[in-house]
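Below, each value reflects all heavy atoms present in this structure, side chains not excepted, and no hydrogens, waters or symmetry copies. Every chain is numbered from 1 and lettered A, B, ... according to where its sequence line falls, protein lines coming before strand lines. Note that this is a predicted model, so its numbers are computed, not measured.
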Amino acid sequence: MIARPNPRLQATTSRLEGLTLPEGGSWARAARSAALARVEGMGLPVRRDEYWRFTDPQGLVTPEPMPAAPLPEEEAPAFAEVEALRLVFVDGRFDPQASDPLDLDGLEIERLADVADRDIHWAQGLYGVLESEGQNPVLRPLAALNSAFATDGIVIHVTGAVSRPVHLVYRHEAADSDAMLHHLVRVDAGASLTLLESGPAAARFNSVVEVDLAEGARLHHVRTQGRDHDRRTATHIFARLADEADFRSFTLTFNGVLTRNEAVVWLNGDRAVAHLAGAAVGDGDFHHDDTVFVTHAAESCESRQVFKKVLRNGATGVFQGKILVRAGAQKTDGYQLSQALLLDERSQFLAKPELEIYADDVKCSHGSTAGAIDETALFYLRSRGVPESDAKDLLTLAFLREALQEIPDARLAEDLAGRLEGWLARRR
Amino acid sequence: MLDIRNLHVELEEDAKPILKGLDLSVGAGQVHAIMGPNGSGKSTLSYVLAGRDGYTMTEGTAHLGDIDLLALEPEERAAAGLFLAFQYPVEIPGVGNMTFLRTALNAQRKARGQEEVSSADFLKLVRAKASSLKIDADMLKRPVNVGFSGGEKKRNEILQMAVLEPRMCILDETDSGLDVDAMRLVSEGVNALRDEGRAFLVITHYQRLLDHITPDVVHIMANGRIIRTGGPELAREVETNGYADILAEAQ
């Protein structure tokens, strides 16, 4: 009997061959081995997987990354005006010289590389824990791969009032860099933090952020994923919310040949709130995938998803968004919107909105649309003297603004709006 | 100012002729009104002059001064001083009214080789024009025409006209959907802009508007052509007798 080649097994074996489990203290070793066992158990994703039907994971799982040229530094970095604790990663490696000291009132902040060397640390209760939980009901092997092999990242424990945001700055310098970062954010009851991420990070970037919010804790997360085009990125955010916790996450993506942003959120405490939003703009072989899974497991929680994409010259956008309302999660308020603006007929938007509801007193709505630019509005603007290309940019930005409005801090929203405006103008 | 000769236009989609040899000449400082039954081609005329897609010009010319309008893009016509107040002003969610106005004004100025207007000067300019049209700060902040009432939309059109200061203004059924008070506000806005260097073409179904904006010349349009031209009394004649007599006479 001749064995049929098994693409998943092949991909998994050849990827794992080139990797060694990092050293570390006992808890880290245990967590990484468990994660590796998960990867081996489920295997890396292949195209025929239902969850990867619209996005080919190939570029994310090959042993070596496809080279990606870094963008020459030609613009002010994102959030440059925002006073923050800046921590710089170059091709996925923490750069202490370029970073502010790891010191900020109201929080404990450490490098994962240091934390992992200890034998005892609170991180043990979070590292890989939410990722592991997030493997059910849908497998997320790239996140488990990250838990097994990531050596760097930031571990934050917010205990009180924090005076400024933490800004993780990701620089991409080497054309063949293959980065994995794993961050932990734990926010104590009533405390709050704004976490910013910016930059392309590497030619290939795999990131996991695990977020644990206690009662009434808040995390505002805003990130922008850079402007270079050839990079491949897979990100996962896992967030667990206790009573009245509040989690807002926004992602801006401009260009990128392959981006898969997954968010997995559990509303485990009553009256918790989670808002997830994103705006993406791309051209040609741009492929951008937002995959979201929100679980309502408690009463009177609110979740919102607002994702917008502008696609042109044959670009592809994907949205897979699910709201799961468990039995007993009464008074749930769930909202989901995914929209694409298609600037030509070759571009495509593939959307799979899903609601799964086991409680009877809930309010859930979802909408998904794909459409061209509004010709009537375009003519109206032109009839007032606005040149066609400017008018299109204005309408494009207007389309994306609805997503930007999800950012609670107007300053950050304006920073990103201005950036988008500049990018749109430059593209011509 | 506006000089249209033997203009023939058909719908691009099915080659249906709409304008069939239209002649019209509006001098600087004048207000001309065009009246006519539904389907006579009045709105088509306004769209064709403003440069909307979907029409084919098969014959004739249209000039603004010595500029060949039909050869220009819509934005170039605007920069040359043409303005169309829409019958149905368009809602543009996500674009603030102020941003829209400033972008339009500066784009026109840039096209004419003029300096852009600073934010402060622009704000001052708009506030002054807006207050006379009873447009409040909230309306200026909101997205273009979104959530505006019919009257607010029409006042917003006049505000744009006042800010952009075109030399040729076309008003396409600006009176439709207006109550008496709104009609008065809009008409006052238009009258305030009347001067020797500026001309108006007012398209309307009703004489009512012409009580407020007194025209120098009234044209009756039917079946794609001007079939009769007269003074303000022509509008009153239509109001009393309808179009039937004029149409019969023209045949």
Side-chain angles (χ1 to χ4, degrees), chain A residues 250 252 277-281 306-310 337-341 343 367 369 371-407 410 413-414 416-422 424-425 428, chain B residues 46-55 69 72-97 99-112 114 116 143-146 153 156-157 159-161 163-166 169-170 172:
Chain A
F250 178 89
L252 173 67
V281 182
V306 177
F307 288 91
K308 299 242 189 180
K309 299 180 205 292
V310 175
L337 177 73
S338 64
Q339 292 185 316
L341 179 62
L343 295 180
T369 63
I373 218 151
D374 180 349
E375 288 296 329
T376 317
L378 186 61
F379 173 64
Y380 190 64
L381 288 168
R382 295 180 70 192
S383 80
R384 296 303 180 246
V386 183
E388 185 174 11
S389 52
D390 292 354
K392 280 188 174 165
D393 285 356
L394 209 55
L395 293 173
T396 301
L397 198 60
F399 170 80
L400 294 172
R401 257 187 201 283
E402 200 182 345
L404 286 165
Q405 276 161 7
E406 296 292 313
I407 302 173
E414 274 318 301
L416 294 188
R419 189 157 292 269
L420 258 175
E421 215 169 331
L424 289 170
R428 296 201 301 269
Chain B
S46 70
Y47 284 144
V48 166
L49 291 174
R52 190 175 186 145
D53 282 345
Y55 303 100
L69 272 184
L72 302 183
E73 296 294 332
E75 55 268 31
E76 295 170 325
R77 300 180 195 201
L82 184 83
F83 182 92
L84 168 63
F86 282 52
Q87 183 181 356
Y88 303 108
V90 180
E91 296 185 7
I92 312 182
V95 178
N97 217 7
T99 308
F100 164 62
L101 269 171
R102 198 174 67 225
T103 307
L105 179 63
N106 281 333
Q108 290 199 14
R109 292 183 65 88
K110 194 174 160 196
R112 292 192 290 258
Q114 296 164 317
E116 295 197 353
V144 181
N145 293 324
V146 176
K153 284 181 181 171
N156 201 29
E157 293 290 288
L159 172 67
Q160 293 167 34
M161 197 161 87
V163 169
L164 298 172
E165 300 186 315
C169 309
I170 303 169
D172 187 8

Inset, instruction - Examine whether an atom of B:Arg77 lies under 4.5 Å from a heavy atom of chain A, and if so say whether it belongs to the side chain, the backbone or both; otherwise answer neither. - result: neither
Legend entry - Reported CG-to-OG1 distance for the pair A:Asp393 and B:Thr103, which is rounded to 0.5 angstrom: 11.0 Å
Inset, instruction - Output the distance between atom CG (B:Asn106) and atom CG (A:Asp390), rounded to the nearest 0.5 Å. - result: 11.5 Å
Legend entry - Check: B:Glu91 and A:Thr376 side chains under 4.5 Å, non-hydrogen atoms: no
Inset, instruction - Measure B:Ala50 against the heavy atoms of chain A and call it side chain, backbone, both or neither at under 4.5 Å. - result: both
Legend entry - B:Ile92 side, atom CD1; A:Leu381 side, atom CG - distance, nearest 0.5 Å: 4.0 Å
Inset, instruction - State, to 0.1 Å, how close A:Ala398 and B:Pro93 come at their nearest heavy-atom pair, and which atoms those are. - result: CB-O, 3.3 Å
Legend entry - Most chain A-contacting option - heavy-atom pairs closer than 4.5 Å, from B:Arg52, B:Lys110, B:Gln108: B:Arg52
Legend entry - B:Glu75 (side chain) donor-acceptor with A:Glu388 (main chain) under 3.5 angstrom: yes
Legend entry - Closest contact, heavy atoms only, A:Gly385 versus B:Ala107: O-CB, 3.3 Å
Legend entry - Carboxylate-amine/guanidinium proximity below 4.0 Å for A:Arg384 and B:Glu157: yes
Inset, instruction - Please look at A:Arg401 and chain B and tell me whether the side chain, the backbone, both or neither of the residue comes under 4.5 angstrom of a heavy atom of that chain. - result: side chain
Inset, instruction - Determine whether more than 12 heavy atoms belonging to other residues, nucleotides or ligands lie under 6.0 Å from atom OH of B:Tyr88. - result: no
Inset, instruction - Name the orientation class of the two ring planes belonging to B:Phe86 and A:Phe379 (parallel below 30°, tilted from 30 to 60°, perpendicular beyond 60°). - result: tilted
Legend entry - Over 12 foreign heavy atoms within 6.0 Å of NZ, A:Lys392: no
